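Inspection log for the structure reproduced underneath, given as structure tokens.
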Amino acid sequence: MIDSAKNLKRSSVEREGTQDHKRVKTDGDAKMEAKWNPYLAHYKEDRDNEGFRSPLDDFERHKTTALQAANAESEDNNPWTGNPHSQQYFNILKTRRDLPVQKQRQEFLDMYHKTQILVFVGETGSGKTTQIPQYVLYDELPHQTGKLIACTQPRRVAAMSVAQRVANELDVDLGEEVGYSIRFENRTGPKTLLKYMTDGQLLREAMHDHDMSRYGCIILDEAHERTLATDILMALLKQIAERRKDLKIIVMSATLDAQKFQTYFFNAPLLAVPGRTHPVEIFYTPEPERDYVEAAVRTVLQIHAGEPEGDILLFLTGEEEIEDACRRIGLEVDDMIRESDAGPMAVYPLYGTLPPHQQQRIFDKAPAATRKGGRPGRKCIVSTNIAETSLTIDGIVYVVDPGFSKQKIYNPRTRVESLLVSPISKASAQQRAGRAGRTRPGKCFRLYTENAFKKELIEQTYPEILRSNLANTVLELKKLGVEDLVHFDLMDPPAPETMMRALEELNYLACLDDDGELTTLGGMASEFPLDPALAVMLISSPEFYCSNEILSITSLLSVPQIWVRPNNARKRADEMKQQFAHPDGDHLTLLNAYHAYKGAEQSGEDVKKWCHEHFLSFRHLSSADNVRAQLKRIMEIHEIELMSTPFQDKDYYTNIRRALLAGFFMQVAMRESSTSKVYKTVKDDQLVMIHPGTVVTSPYDWVVYNEFVLTTKQYVRTVTNIRAEWLLVSSPLPLSSSRCGSNDANYAQEIAPNYYDVDSFEKGEIKSALTRITEKIRRRQATRAGR
DNA sequence: GAGCACTGC
């Protein structure tokens, strides 16, 4: 095996001897593959260096050695393109060969040749994400087979940045031999052989290609994170592996739980490589801490006072807590500087909803000593879990871990997902501690007892699939061709009740029929990257003459809050929001803001400035625009008509409000009494208040809401006034000027005949109210008929 | 009159 840099470049004399203008070797099969595989169709034709003879021509698939590959990598010309290698390439090659994983390349290949499924474990810094796919590339030879190599990542940024890195390592242009595919961006082309992608993206593809037939090898990276998409992919791949013996699968994970993956994948063999991290000393508190924020602030100050140079990372649970802690630390450090000549300290908050330029500040250098010979400065980052997985910060030497994070919990009985501050798992605690040892030996201060760590923390955080509403997942699985959900072999099967709830919800939405089969509507809904209720609302919207408007609202509901409300300008922000307020509710207010934004854009204004002045998030509004374009394309494919009720029409807003119900009829609440602020949700009987962020001031007795949030109280957020009649009997839409030339027969809509069968309601105020309203409608209809 | 851990399609 070639390990030293001096062997990287072989003599040019030797190379010239082998350049004999032979064409690239192809066999008939490969030509066939290349023909039907859309990714490789032009591969042969497009090769730039026709006369180039690649060392790969002598490679035999699944029989290559590490030495062969290393030799090919050391050639003057790129074996994949025929172009001469750049100097940068050789520089990178040198560092690649120092990675821990490099030593086991042959061992990896031996195992890869022998088995269909392989579990690969590598700690951070082992180089697995960049190197393993390249090792596979040199053995799988996708340019001969026409089958790509895919490597999945849980996050977009990772897919993009790793693809760029590997393109550099292979000395090719990103988007050519190496590319990536994420939502809104596909940077792959006809020459692409190795493709990084998000796990969700591969899942989307699988909906139309149940065998994942484009791929010869699929690598699932960061499998230990157990995202919903990874869990579903694993179960699918387990099935596909039986049907497609030619498909290779590699499951990559951090060390934890490797055995679970092995057992799950038919006792697949395991290969482990060490990482490259420094030791981290762990400290526990002798007694449990009552107030962890207080304890955390104190610990940070103690580190600053007593420990040598090095930056601090403190984990807390949410925005408010973090901002508060930052303020307190800042004040205390000022005192320390005055009283005991402490060094300066820069304190940075870090959480997901922080705008990117503020997130970037965490990478600033720590402040220098305030005067010559003074004590050195340091920085302290106070972060949510985002610093545990998504963002790595070099230079951290001290980690303070109070042992909590906000986690999503799903209660299938009430159908409510909520965020709850909960103790983290042992695996999380280890991950956090590891953040202290990336550049040199570090220390981790756990603000709980050693006994609590050992006895009270669970081993692993529960996978997402056990903590989520599965309506979307079940719909996806149906579309993926999974017939038997009960026996679908998930690594951690969710509670049967969660599954039942999802099936029930999809049945009410008419996405599944009474036999649990996918309906036409369900099939269409699964094509949209949306929750089923939103998808159904969007698909039904032409029946209410307002698909343009519902498309906008759907997009706005799919991105983070567009309303900006800085702490120092809340009042002005609220006043601005009032300019867009629609008396009938928050959905219409969103729409008004969006229309104003588009108006500003069209009149050539500086939109960023306009957004800033109006306390709207430019970032989120433009992202909504992106989503809108994607959804619009899907609507066009399915010939879902785009139309609007004329704005002058008195029913413009009414039609939109009714259309909301086509998807959200299960998210309706009735006011307890005409003077009360408390509402009761339909069927679940939860007592809720309207979230204070609403614009609704004169609420009707009935509202439809977008989301249920559980914080200090139970709130419903983004609400719109509705009339209960709309829920009940077929009451045709007013067909004034709003017809738009469509087929009238479709427009006598019953929103959800099954759900609002009043007889099926439990006895109570809601049932009596609905019964009264039904009676009223009947009387009215009878009077009309009798006239 | 309160607050949004983090991803992804």
Side-chain angles (χ1 to χ4, degrees), chain A residues 152-159 181-186 197-208 222 225-233 315-324 350-354 359 383-391 404-409 417-422 424 428 461 463-465 467-468 472-473 475-476 479-480 525-532 534-535 558-567 570-571 574 617 620 623 626-627 630-631 633-634 677 689-697 707 709-718:
Chain A
T152 68
Q153 298 292 322
R155 281 168 292 278
R156 281 190 221 163
V157 268
S181 173
I182 58 176
R183 185 180 185 185
F184 303 128
E185 202 182 356
N186 180 6
M197 62 206 301
T198 46
D199 45 18
Q201 185 74 29
L202 182 58
L203 209 53
R204 283 266 135 201
E205 279 187 14
M207 284 184 176
H208 296 109
E222 315 289 358
E225 287 194 25
R226 303 290 307 278
T227 65
L228 250 170
T230 300
D231 270 18
I232 298 166
L233 280 174
F315 285 100
L316 290 176
T317 65
E319 173 175 343
E320 201 178 336
E321 207 174 82
I322 287 169
E323 294 290 356
D324 178 48
L350 177 63
Y351 42 86
T353 47
L354 212 59
Q359 282 191 8
S383 171
T384 62
N385 254 359
I386 194 170
E388 200 180 300
T389 47
S390 309
L391 270 167
F404 292 96
S405 71
K406 274 192 193 171
Q407 287 166 34
K408 187 169 74 179
I409 313 274
E417 277 183 349
S418 53
L419 286 171
L420 197 70
V421 174
S422 328
I424 60 171
S428 252
T461 311
E464 202 184 356
I465 199 164
R467 299 183 284 122
S468 312
N472 207 1
T473 304
L475 187 64
E476 265 172 23
K479 182 71 178 183
L480 284 160
S526 71
E527 301 273 337
F528 289 89
L530 296 169
D531 277 339
L534 279 171
S558 307
V559 298
Q561 285 273 348
I562 60 165
W563 313 106
V564 177
R565 202 162 179 259
N567 281 331
R570 289 182 188 181
K571 206 165 159 247
D574 291 347
S617 162
H620 297 152
S623 141
N626 241 336
V627 174
Q630 188 193 24
L631 298 177
R633 271 198 305 277
I634 303 173
K677 285 187 170 168
M689 309 249 293
I690 295 180
H691 194 279
T694 187
V695 298
V696 174
T697 47
E707 110 195 272
V709 285
L710 182 63
T711 53
T712 48
K713 293 194 187 91
Q714 301 199 98
Y715 289 106
V716 288
R717 190 161 48 188
T718 314

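Since we're looking at a predicted model, the values are computed, not measured. Residue numbering restarts at 1 for every chain, and letters A, B, ... go by the order of the sequence lines.
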Over how many whole Å does the gap from A:Gln201 atom CD to B:dT7 atom P extend?
18 Å
With the side chain of A:Tyr715 defined as its heavy atoms from C-beta on, choose the nearest nucleotide among B:dG8, B:dA2, B:dC4.
B:dA2
Contact class for A:Lys408 vs. all strands (heavy atom < 4.0 Å): base, sugar-phosphate, or nothing?
base
According to a strict under-4.0 Å criterion, is A:Lys406 in side-chain N/O contact with OP1 or OP2 of B:dC4?
no
Measure from CG on A:Leu530 to C1' on B:dG8 and round the result to the nearest Å.
13 Å
Counting the atoms with a prime plus P, OP1 and OP2 as sugar-phosphate, which does A:Thr384 contact under 4.0 Å by heavy atoms, base, sugar-phosphate, or nothing?
sugar-phosphate
Name the residue closer to the 5' end of DNA chain B, choosing between A:Gly200 and A:His691 according to the nucleotide with the nearest heavy atom.
A:His691
Checking all strands, does A:Glu320 fall into the base, sugar-phosphate, or nothing category for heavy-atom contacts under 4.0 angstrom?
base
Under 4.0 Å between a side-chain N/O of A:Arg565 and OP1 or OP2 of B:dC4, yes or no?
no
Contact nearer the 5' end of DNA chain B, comparing A:Gln630 with A:Arg570
A:Arg570
Return the value, rounded to whole Å, for the distance between atom CG of A:Leu631 and atom P of B:dC9.
13 Å
Listed partners of A:Asp531 passing side chain to side chain contact (heavy atoms under 4.5 Å, CB included), at least two apart:
A:Asn472
Could you state the atom-to-atom distance from CD of A:Glu205 to P of B:dC9 in whole Å?
12 Å
From NE2 of A:His208 over to C1' of B:dC9, roughly how many Å is that when rounded to an integer?
13 Å
Run the side chain to side chain contact (heavy atoms under 4.5 Å, CB included) test against A:Ser526 and tell me which residues pass, sequence neighbours left out.
A:Leu475, A:Lys479
Quick one: do A:Glu321 and A:Lys406 make a salt bridge, cutoff under 4.0 Å?
no
Does B:dT7 have OP1 or OP2 sitting under 4.0 Å from an N or O in the side chain of A:Thr198?
no
Among B:dC9, B:dG1, B:dC4, which is the nearest nucleotide to the side chain of A:Glu319?
B:dC4
Counting the atoms with a prime plus P, OP1 and OP2 as sugar-phosphate, which does A:Arg155 contact under 4.0 Å by heavy atoms, base, sugar-phosphate, or nothing?
sugar-phosphate
Checking all strands, does A:Ser405 fall into the base, sugar-phosphate, or nothing category for heavy-atom contacts under 4.0 angstrom?
nothing
Using a 4.0 Å heavy-atom cut-off, does A:Tyr351 contact any base of the nucleic acid, only the sugar-phosphate backbone, or nothing at all?
sugar-phosphate
Which one, B:dT7, B:dA5, B:dC9, comes nearest to the side chain of A:Ile386?
B:dT7
Decide yes or no for A:Ile690 and A:Val716: does some side-chain heavy atom of the first lie under 4.5 Å from some side-chain heavy atom of the second?
yes
Does a side-chain heavy-atom distance below 4.5 Å link A:Leu233 with A:Leu203?
yes
For A:Ile182, which contact category applies under a 4.0 Å heavy-atom criterion: base, sugar-phosphate, or nothing?
sugar-phosphate
Expressed in angstrom and rounded to an integer, what is the separation of A:Asn626 atom CG from B:dC9 atom P?
12 Å
Expressed as a whole number of angstroms, how long is the span from A:Glu323:CD to B:dA2:P?
20 Å
Whole-Å distance, A:Arg204 CZ to B:dG8 P, equals 15 Å
Side chains of A:Thr230 and A:Glu225: do they bring a donor and an acceptor to under 3.5 Å?
no
